[in-house]
Protein chains: 2
Amino acid sequence: MALGDAILACLTERPMTGYELAKTFDSSVGFFWKADHQQIYRELSKLRDRGYIQGREVVQSGKPNKLIYTLTPEGRTALRHWAARPSTPPSIKDDLLVRLHALDSIDIEPVRTDLMDRLEHHRDRHENYERILKKRFPEGTASGVLDLGNLLLLRLGARHEQMVADFCEEALDALSAMSGKATVVPLDDGKREGKG
Amino acid sequence: MALGDAILACLTERPMTGYELAKTFDSSVGFFWKADHQQIYRELSKLRDRGYIQGREVVQSGKPNKLIYTLTPEGRTALRHWAARPSTPPSIKDDLLVRLHALDSIDIEPVRTDLMDRLEHHRDRHENYERILKKRFPEGTASGVLDLGNLLLLRLGARHEQMVADFCEEALDALSAMSGKATVVPLDDGKREGKG
DNA sequence: GACGCATATGCGTCAATGTGCATATGCGGT
DNA sequence: ACCGCATATGCACATTGACGCATATGCGTC
């Protein structure tokens, strides 16, 4: 359960509610791990059942009561054990790559617009990383172990986004140069299948 | 169904059996998309049910009969429609990053050995990409649209692996420099939970 | 006052993925 | 004779993920 461990990792920083965790997974951690609130609440229940976290209810008026989750000693141990296991390099699983693999059997134009969108997306994220880096690590050095982890994380993120952005640019250039040779037959058949 | 589309993309090259597809997803396409044979057979059944591929049985003696799958015109159309939709940038979801995020709450030593393993892994893959690039594209240019897609793919793969390898090296250096400050308490409690 | 938005939790369903197991046989090694 | 390996297909179960929907209310705005 990778998401569960990611949640435990977040809770090492400070106790949080499901709602706060969902926001975390939508911003900072979300840069490399996406999870919506339903996924997080479900995982929190599991972690609680296993005794890895403890929920403390905070009564509120006007809003549903909060459940602030704290890591238990068992949870900390579980996280340490998980972190002591070798990680498995994930595969990229980017639709764009599949399209490139079958580039001669599909229409180029949509791929071009897709690449342009992706270029913008990855540039935005790159700027975001750089901004956070400059703000949190103006010296480019980390003081403690926690800081070091986050500094490395941000650097990896920044480089990754820049690399993909550069790739999109290069791919667009190459497609432009090639566009004369391609046989472009637009999709014009009316029917469409649901989403598969 | 992303895997289904990846399979359709593979079948544009030539008709294949499930077994051949499994091998493909373990080598070339497997560099960015992992799928074992069970997943592939299951997906092939679905694609056949939808009429996107057609299976031709080849009787064999000694071995189970082959089922060579060919793209139908409907399958080609479905692939083109899928490829015309915008792609969604995937998240990285690397366990290693989660560990870095909680670096002060876990043991550093296993992370170091993990980083060393990963460094070797990514270097191997990088060399692999470079080797294929040199072999298939000695000039560094593509002749047709299909070639262009594969050239771009290989270049992205090579850069990605190099970047991650560099990152591992840098992280190892940083951890070494930091190692004096870290409080290293080895894991010695006997009990272990199953796998989570 | 109706509408959207933020706060805060959760259920249900289906698709996608991962892991283990089962079947059937020839071929080469020990 | 037995073992492992390659060929070739597939089922069953569990986990993970994506998506929609439901509940409950204060606060600002149109």
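First the proteins, then the strands, lettered A, B, ... as listed; each starts at 1.
Rounded to an integer number of Å, the gap from L21(B) CG to dT7(D) P is 15 Å. Here dA24(D) presents its P atom at 18 Å from OH of Y19(A), a figure rounded to the nearest Å. Atoms CG (D36(A)) and C1' (dG10(C)) sit 12 Å apart, rounded to a whole Å. Rounded to a whole Å, the CD1 atom of I7(B) is 10 Å from the P atom of dT17(C). What separates CG of L3(B) from P of dA15(C) is a distance of 15 Å, to the nearest Å. If you measure from atom NZ of K66(B) to atom P of dA8(D), you get 5 Å, rounded to the nearest angstrom. Rounded to whole Å, atom P of dT15(D) lies 8 Å from atom CZ of R50(A). Atom C1' of nucleotide dT7(D) and atom CG of D26(B) are separated by 15 Å, given to the nearest angstrom.
Two residues, K34(A) and I68(B), neighbour DNA chain D, and the one matched to the more 5' nucleotide by heavy-atom proximity is I68(B).
Under 4.0 Å is where a charged nitrogen must lie from a carboxylate oxygen, and between R99(A) and D5(B) no such pair does. Ionic pairing of D166(B) and R159(A) is not present here: no N-O contact between side-chain nitrogen and carboxylate oxygen is shorter than 4.0 angstrom. Remark: E169(B) engages R123(B) in a salt bridge, criterion side-chain N to carboxylate O under 4.0 Å.
Here the side chain of D114(B) pairs a donor or acceptor atom with the backbone of S87(A) at under 3.5 angstrom. Not a single donor-acceptor pair under 3.5 Å links the side chain of D107(A) to the backbone N or O of E109(A).
Each of H122(B), E120(B), H121(B) was scored for a side-chain hydrogen bond (donor to acceptor under 3.5 Å, both in side chains) with R118(B), with one residue passing: H122(B).
Here L154(A) sits in one hydrophobic cluster together with F31(A), Y129(A), I132(A), L133(A), F137(A), L151(A); the rule is ILVMFWY side chains under 4.5 Å apart, joined directly or through other members.
Nearest heavy atom pair, residue T24(A) against residue C10(A), reads CG2-SG, 4.3 Å.
Rounded to 10 degrees, the angle separating the terminal helix axes of the helix from dG1(C)-dC30(D) to dT30(C)-dA1(D), each built from five base pairs, is 20°.
Note that CG of D26(B) is 12.0 Å distant from CG of L21(B), once rounded to the nearest 0.5 Å.
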Dump every N/O contact between nucleotides 10-14 of chain D and the protein below 3.5 Å, one line per pair.
residue : atom : partner : partner atom : Å
dG10(D) : O6   : H37(B)  : NE2          : 3.1
dG10(D) : O6   : Q38(B)  : NE2          : 3.1

